[in-house]
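A short write-up of the structure that comes next.
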2 protein chains.
Amino acid sequence: MRRSDMGDPMNEIPEVVIQRLPLYLRTLSALDAEGVTVVSSQDLGERLQVTPAQIRKDLSYFGRFGKQGRGYRVPDLIRELRLILGLGREWEMVLLGMGRLGWAVAGYPGFAQHGFKVVACFDADPQLIGKTAGPLVIQDISALAATIQQHGIQIGIVAVPAAAAQQVVDQLVACGVRGILNYAPTAPRVPPHVWVQNIDPAVALQAMTYHLSQRKPARRPAGRAPA
Amino acid sequence: MRRSDMGDPMNEIPEVVIQRLPLYLRTLSALDAEGVTVVSSQDLGERLQVTPAQIRKDLSYFGRFGKQGRGYRVPDLIRELRLILGLGREWEMVLLGMGRLGWAVAGYPGFAQHGFKVVACFDADPQLIGKTAGPLVIQDISALAATIQQHGIQIGIVAVPAAAAQQVVDQLVACGVRGILNYAPTAPRVPPHVWVQNIDPAVALQAMTYHLSQRKPARRPAGRAPA
DNA sequence: TACTGTGAACTATTTCACAGCC
DNA sequence: GGCTGTGAAATAGTTCACAGTA
């Protein structure tokens with residue numbers, strides 16, 4: 001292990017760390033909006049329910065952003081995290097599936113706020129094609145490849161029924177998409193260069209009911225970062 | 001460690017294991033629907049992109065559900081998992097916040113399918129109160145406590161803006177709710193007996209763009225269970 | 001003085017590998 | 001023969017604790 005570490009151009013960063021950075025960023029943005037300009041790992045940890053040591057260690061994978069004796073300058077750390085996460089640009093996305101769920105996703109303001117933009121939406125149902133969803137016209141899936149190529153799109157959002165998800169994911173991957181936000185209640189298979197983030201509220205609820213059903217509700221692990 | 005293990009009435013089960021069980025259940029249900037009656041940890045692992053050893057170890061925390069030389073009977077394992085997760089009943093929930101997002105959540109069919117039922121919805125906006133959302137009438141937040149007590153509700157869904165989330169969560173907790181599904185882009189503080197599951201698609205996207213921005217897209221850790 | 005950054009210690013989780021059984 | 005269940009080994013992740021510094 002030691003030997004291969006030394007050969008690496010950059011140390012391997014644990015995936016859990018990556019998943020926590022957006023949470024740090026979210027809280028820092030809230031602090032910024034409150035006019036807070038400096039924050040210690042202690043303060044930030046209290047807001048996030050994460051240990052200060054974990055925050056410091058996580059950040060130390062990427063550089064030295066704090067000032068000893070003081071803490072972190074909020075605007076600076078926000079800038080650094082945005083850079084690390086690749087948020088210094090707009091990300092265009094395609095949306096597949098314009099049922100109830102797709103409709104809601106198309107109009108979700110939380111994406112645009114953070115530089116994520118749905119530029120085209122698709123469905124297989126002839127009844128839906130041509131209808132407008134806000135500023136977008138629903139297109140037939142057959143137009144998918146052309147749109148992705150034209151815009152150089154790298155992210156697809158899947159909001160189709162579970163049974164159609166794998167097929168749709170395969171199409172996205174074939175078109176060169178490298179990231180998929182999957183709302184379908186299934187875990188699609190993708191090649192290793194493609195990144196998938198799954199969102200399934202039913203799965204989240206089912207893990208919760210396990211705990212609600214226990215006599216003694218086991219105390220949450222202290223360091224457990226909220227997703 | 002050994003000593004305290006023996007004293008415990010039941011071994012401590014890691015939280016990661018709990019979070020994976022619903023994924024196993026989801027895939028087993030799909031297999032069941034396909035008419036598959038027996039599955040090995042190998043097969044199931046391939047479907048889920050999880051190692052067979054992990055599946056066997058996870059299940060072994062709860063009992064011996066397999067048959068050596070054969071595998072697991074799909075319907076039996078489904079039944080066991082449903083029991084473990086506390087899904088042998090209907091779970092009634094309240095929904096707070098009837099903006100765009102709350103509206104979509106109220107109509108999401110994925111909940112009812114799994115025995116989760118939204119029995120009442122609330123908002124603070126007088127403009128919305130009295131309007132109907134499917135079978136439900138939007139009520140004023142002031143009616144929250146009475147509804148929760150009446151139905152003995154243990155789960156609340158939060159779909160209010162980030163700025164209102166903590167306040168709403170506090171109210172839910174005060175009413176005796178023990179589980180919260182939080183769609184607000186913030187990590188609310190709760191007492192240790194309350195379980196929170198957060199869903200924030202922007203956070204998921206931001207972790208994804210980190211990877212999309214890397215030159216060499218680091219290979220996903222093999223055992224990483226999709227959420 | 002009050003904090004960060006970080007090796008080292010500790011803890012948790014995953015994987016291995018094999019005895020035991022159908 | 002093919003698979004489970006599970007201790008033990010290996011890895012991964014977290015926390016400690018303190019040197020260093022603004």
Side-chain angles (χ1 to χ4, degrees), chain A residues 1-6 8 11-21 23-24 28 36-46 48-74 76-77 80 218-225, chain B residues 1-6 8 11-21 23-24 28 36-46 48-74 76-77 80 218-225:
Chain A
M1 303 299 117
R2 182 63 46 76
R3 211 164 54 80
S4 68
D5 278 2
M6 303 190 66
D8 283 344
N11 254 314
E12 198 53 69
I13 293 154
E15 179 58 24
V16 270
V17 174
I18 306 301
Q19 301 280 330
R20 275 193 296 265
L21 297 184
L23 302 174
Y24 298 166
L28 286 162
V36 176
T37 59
V38 175
V39 72
S40 66
S41 59
Q42 173 82 57
D43 298 343
L44 190 54
E46 267 161 32
L48 278 158
Q49 312 275 245
V50 161
T51 65
Q54 179 151 79
I55 292 171
R56 295 202 301 277
K57 174 70 93 174
D58 284 356
L59 295 176
S60 78
Y61 283 105
F62 301 95
R64 302 143 163 263
F65 306 125
K67 296 232 185 305
Q68 279 145 331
R70 303 213 154 273
Y72 302 86
R73 291 216 350 103
V74 173
D76 293 1
L77 191 48
E80 295 289 356
R219 195 184 184 82
R220 273 158 296 148
R224 179 162 152 282
Chain B
M1 302 301 117
R2 183 63 47 76
R3 210 165 54 81
S4 68
D5 277 4
M6 304 191 65
D8 283 344
N11 254 314
E12 197 54 69
I13 294 154
E15 180 58 24
V16 271
V17 173
I18 306 301
Q19 301 281 330
R20 275 193 297 265
L21 297 185
L23 302 174
Y24 298 166
L28 286 163
V36 177
T37 58
V38 175
V39 71
S40 67
S41 59
Q42 174 82 57
D43 298 343
L44 190 53
E46 266 162 34
L48 278 159
Q49 310 275 242
V50 161
T51 64
Q54 179 153 80
I55 292 171
R56 295 202 303 276
K57 175 68 93 172
D58 284 356
L59 295 176
S60 78
Y61 283 105
F62 301 94
R64 301 144 164 262
F65 306 126
K67 295 231 186 308
Q68 279 145 330
R70 304 214 153 272
Y72 302 86
R73 291 218 348 106
V74 173
D76 293 0
L77 191 48
E80 294 290 354
R219 195 186 183 82
R220 274 156 296 147
R224 178 163 152 283

Report the distance from atom [atom1] of [X] to atom [atom2] of [N], rounded to the nearest whole Å.
X       : N      : atom1 : atom2 : answer
B:Ile55 : C:dT13 : CD1   : C1'   : 16 Å
A:Glu15 : D:dT14 : CD    : P     : 12 Å
A:Asp43 : C:dT4  : CG    : P     : 9 Å
A:Leu59 : C:dG5  : CG    : P     : 7 Å
B:Arg73 : D:dT4  : CZ    : C1'   : 16 Å
A:Glu12 : D:dG13 : CD    : C1'   : 14 Å
B:Gln42 : C:dT15 : CD    : C1'   : 14 Å
B:Arg56 : C:dT15 : CZ    : P     : 12 Å

Which parts of residues 62-70 of chain A get close to DNA chain D, meaning a heavy atom less than 4.0 angstrom away?
->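 Within this stretch, A:Gln68 sit under 4.0 Å of the strand.
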
side-chain contact (heavy atoms from CB on, under 4.5 Å) between A:Phe65 and A:Asp76, worked out = CA-CA 8 Å; A:Phe65 306 125; A:Asp76 293 1; over 6 Å; no

Which residues pass the salt bridge (charged side-chain N to carboxylate O under 4.0 Å, His left out) test with B:Asp43, sequence neighbours left out?
->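 Salt bridge (charged side-chain N to carboxylate O under 4.0 Å, His left out) list for B:Asp43, sorted by chain: empty.
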
Proximity to the side chain of [X] - top-ranked nucleotide from [options]:
X       : options               : result
A:Pro14 : C:dT4, D:dG13, D:dT6  : D:dG13
B:Gln54 : C:dG5, C:dT14, C:dT6  : C:dT14
B:Tyr61 : D:dT6, C:dT14, D:dT14 : C:dT14
B:Lys57 : D:dT15, D:dG7, D:dG5  : D:dG7
A:Val16 : C:dG5, D:dT14, D:dT4  : D:dT14

Listed by chain and number, what are the side-chain hydrogen bond (donor to acceptor under 3.5 Å, both in side chains) partners of A:Glu46, not counting sequence neighbours?
->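 Listed in chain order: A:Gln42.
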
Counterpart residues, side-chain hydrogen bond (donor to acceptor under 3.5 Å, both in side chains), relative to B:Arg70 (two or more places apart) |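 Expected list: none.
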
Should [X] be listed as having a side-chain N or O under 4.0 Å from OP1 or OP2 of [N]?
X       : N      : value
B:Tyr72 : D:dG2  : no
A:Arg20 : D:dT14 : yes
B:Thr51 : C:dT15 : yes

Tell me, do B:Tyr72 and B:Val38 make a side-chain contact under 4.5 Å, heavy atoms counted?
->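 Side-chain contact under 4.5 Å: no.
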
State, with a plain yes or no, whether a side-chain heavy atom of A:Val39 is found less than 4.5 Å away from one of A:Leu44.
->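 Side chain of A:Val39 against side chain of A:Leu44, heavy atoms only: contact under 4.5 Å found.
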
Working to the nearest 0.5 Å, report the span between CD of A:Glu15 and CZ of A:Arg20.
->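 One finds 10.5 Å between CD of A:Glu15 and CZ of A:Arg20.
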
